[in-house]
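Take a look at the structure below.
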Amino acid sequence: MNILAPSILSADFGRLKQQLDAVKEGGAKWVHFDVMDGHFVPEISFGEPVMRSVCAISDLFVDAHLMVYNPADHVEAVAKAGAQMLTFHYEVMPGGAFAYGGINDPDMAIEEATRLIGKIHEAGMKAGISIKPKTPWEVLKPLIPFVDMVLVMSVEPGFGGQAFIPESLDRIRAIREEADRNNPMLRIEVDGGIKVNNVKTVLDAGADTIVAGSAVLGGDDAMEKARAFMEILA
Ligand code: DX5
Ligand code: ZN
């Protein structure tokens, strides 16, 4: 089943409940929660306090995307705040070429990621892993049997409203082929620059979970914008 996950990074926090109710009415099942630490990505966004408020005012599935340097330190707090999915980045794993002075040691990164996936599952959440556009998708191969979702960044993480990177389509196709072999239930989420006029290409490539920030929550009529996406996703 295709899912629309509006990203609240583009929301008007002065009327967040109205916007969350509107996207739900428009057919969205998830709310995508872009947690940014200002270190792994340039911007600082929001964290557990806002997540608690969102969970108190909406029953949408909270899909937490942690663009943070130390996701393992936040698992319990994110679960307690009410998230049902926690997605972390491959690149911040020791050996994942961002952390620890850019050491590139895939075996170390996979070992750490496998441990973190277990920790997320133990906390009662589904586990997702994400890669930035320049990270070869193949690094995820050993993890595909164990994760619930792969999040393909189709923009450089850090800001809403950027342009979709077309090379993402081949990566989505390749990951879907790998999942068909080793984890047919895997969700593939795509995040960044998704609009009504390009979402069909992303679905055809094999994605089934669509993040849309500015295209749904930027400006007014969020319900109609969500509905326009659902006419394509349904
Ligand atoms: C960017 C965030 C994306 C962003 C998507 O780093 O991870 O989720 O909010 O926003 P749009 O849909 O406006 O590109
Ligand atoms: Zn995101």
Side-chain angles (χ1 to χ4, degrees), residues 2-13 16 19-20 23 26 28-47 50-51 54 60-69 71 74 78 83-92 98 125-135 147-169 171-172 187-203 207-222 225-226 228-230 232-233:
N2 294 328
I3 283 181
L4 177 64
S7 162
I8 62 168
L9 191 65
S10 298
D12 171 356
F13 281 77
L16 188 55
Q19 287 199 307
L20 290 172
V23 297
K29 295 280 185 291
W30 291 13
V31 55
H32 185 77
F33 214 89
D34 282 315
V35 183
M36 299 180 182
D37 65 359
H39 182 56
F40 175 59
V41 292
E43 267 199 327
I44 292 174
S45 60
F46 34 71
V50 175
M51 195 180 288
V54 166
L60 286 169
F61 179 101
V62 174
D63 166 37
H65 174 196
L66 266 59
M67 289 166 274
V68 304
Y69 177 76
H74 294 275
V78 166
Q84 286 101 335
M85 168 80 75
L86 190 158
T87 297
F88 63 94
H89 270 263
Y90 168 85
E91 296 88 359
V92 301
F98 172 84
M125 297 181 285
K126 290 198 176 291
I129 188 160
S130 184
I131 43 172
K132 299 190 341 179
K134 293 189 179 74
T135 300
V147 284
D148 303 289
M149 185 167 81
V150 167
L151 166 46
V152 177
M153 288 307 297
S154 42
V155 295
E156 270 305 315
F159 303 94
Q162 301 177 72
F164 178 81
I165 298 172
E167 287 75 12
S168 310
L169 295 173
R171 291 156 61 83
I172 297 163
R187 278 205 166 272
I188 298 180
E189 185 172 51
V190 187
D191 182 356
I194 306 289
K195 311 295 177 198
V196 167
N197 65 12
N198 66 11
V199 67
K200 181 90 173 59
T201 59
V202 164
L203 295 169
D208 53 19
T209 310
I210 302 300
V211 175
S214 49
V216 175
L217 286 166
D220 291 319
D221 55 2
K225 288 175 177 172
F229 272 95
M230 289 313 297
I232 301 164
L233 267 65

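Note that the structure is predicted; figures quoted are calculated from it, not measured. We count ligands from 1, going down the list as the structure has it; atoms in each ligand are counted the same way. Counting from 1, the numbers follow the sequence of the chain as shown.
Among protein heavy atoms, atom 10 (O) of ligand 1 sits closest to G160 CA, 3.6 Å. When hydrogens are left out, the protein atom nearest atom 1 (C) of ligand 1 is F159 O, 3.3 Å; that is the closest non-hydrogen contact. Protein heavy atom nearest atom 14 (O) of ligand 1, with residue, atom name and distance: G193 N, 2.8 Å. Protein heavy atom nearest atom 13 (O) of ligand 1, with residue, atom name and distance: S214 OG, 2.5 Å.
Using a distance-only test at 3.5 Å, with no hydrogens or angles considered, no donor-acceptor pair links the side chain of K195 to the main chain of F164. No donor-acceptor distance shorter than 3.5 angstrom exists from the side chain of E189 to the backbone of V211, with no hydrogens or angles considered. Judged purely by atom type and a 3.5 angstrom limit, K225 uses its side chain to pair as donor or acceptor with the backbone of D220. No donor-acceptor distance shorter than 3.5 angstrom exists from the side chain of D191 to the backbone of S7, with no hydrogens or angles considered. Side-chain atoms of S10 come within 3.5 Å of backbone atoms of S214 as a donor-acceptor pair (strictly under, hydrogens ignored). Between the D148 side chain and the G128 main chain, no donor and acceptor come within less than 3.5 Å of each other.
Within ligand 1, the atoms closer than 4.0 Å to a non-hydrogen atom of L9 are 9 (O), numbered from 1 in the order shown. Each of the atoms 8 (O) of ligand 1 lies under 4.0 Å from some heavy atom of V211. For ligand 1, the atoms closer than 4.0 angstrom to any heavy atom of P157 are 6 (O). In summary, the atoms of ligand 1 found under 4.0 Å from a heavy atom of S7, numbered by their order in the structure, are 8 (O), 9 (O). For ligand 1, the atoms lying closer than 4.0 Å to a non-hydrogen atom of H65 are 7 (O). Of all atoms in ligand 1, numbered sequentially from 1 with element shown, those under 4.0 Å from a heavy atom of G158 are 1 (C), 6 (O). Residue contact check: H32 has heavy atoms under 4.0 Å from atoms 8 (O) of ligand 1. Less than 4.0 angstrom separates some heavy atom of M153 from each of these atoms of ligand 1: 7 (O).
Polar contact with ligand 1: present for D34 (N/O pair, distance under 3.5 Å). Checked against a 3.5 angstrom limit, the closest N/O atoms of D191 and ligand 1 fall inside it. Of the polar atoms of M36, none of the N or O atoms is found under 3.5 Å from an N or O of ligand 1, judged by distance alone. Considering backbone and side-chain atoms together, G213 places an N or O closer than 3.5 Å to an N or O of ligand 1. Any N or O atom pair closer than 3.5 Å counts here, and G192 shares no such pair with ligand 1.
The shortest separation from a heavy atom of G161 to ligand 1 is under 4.0 Å, placing the residue in contact. Within the 4.0 Å heavy-atom cutoff, M67 counts among the residues contacting ligand 1.
E91 is listed as a side-chain neighbour of I131, based on a closest heavy-atom distance under 4.5 Å. Contact annotation: the side chain of P133 approaches that of E156 to within less than 4.5 Å [non-hydrogen atoms, C-beta and beyond]. Within the 4.5 Å cutoff, side-chain heavy atoms of H65 are placed close to those of M153.
Taking CD of E167 as the reference point, atom CD1 of I172 lies at 11.5 Å (rounded to 0.5 Å). Note: I194 CD1 to S154 OG = 4.0 Å, rounded to the nearest 0.5 Å. Between D208 atom CG and M149 atom CE the span is 9.0 Å, to the nearest 0.5 Å.
Protein N, O or S atom count below 2.8 Å of the Zn ion (ligand 2): the structure gives 4.
Between the side chains of H32 and D34, at least one donor-acceptor pair of N or O atoms lies under 3.5 Å.
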Given side chain to side chain contact (heavy atoms under 4.5 Å, CB included), test F40 with M67 step by step and report yes or no. CA-CA 6 Å; F40 175 59; M67 289 166 274; 4.0 Å; yes
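When all heavy atoms of L60 and Q84 are compared, the pair lying nearest together is O-OE1, 4.3 Å.
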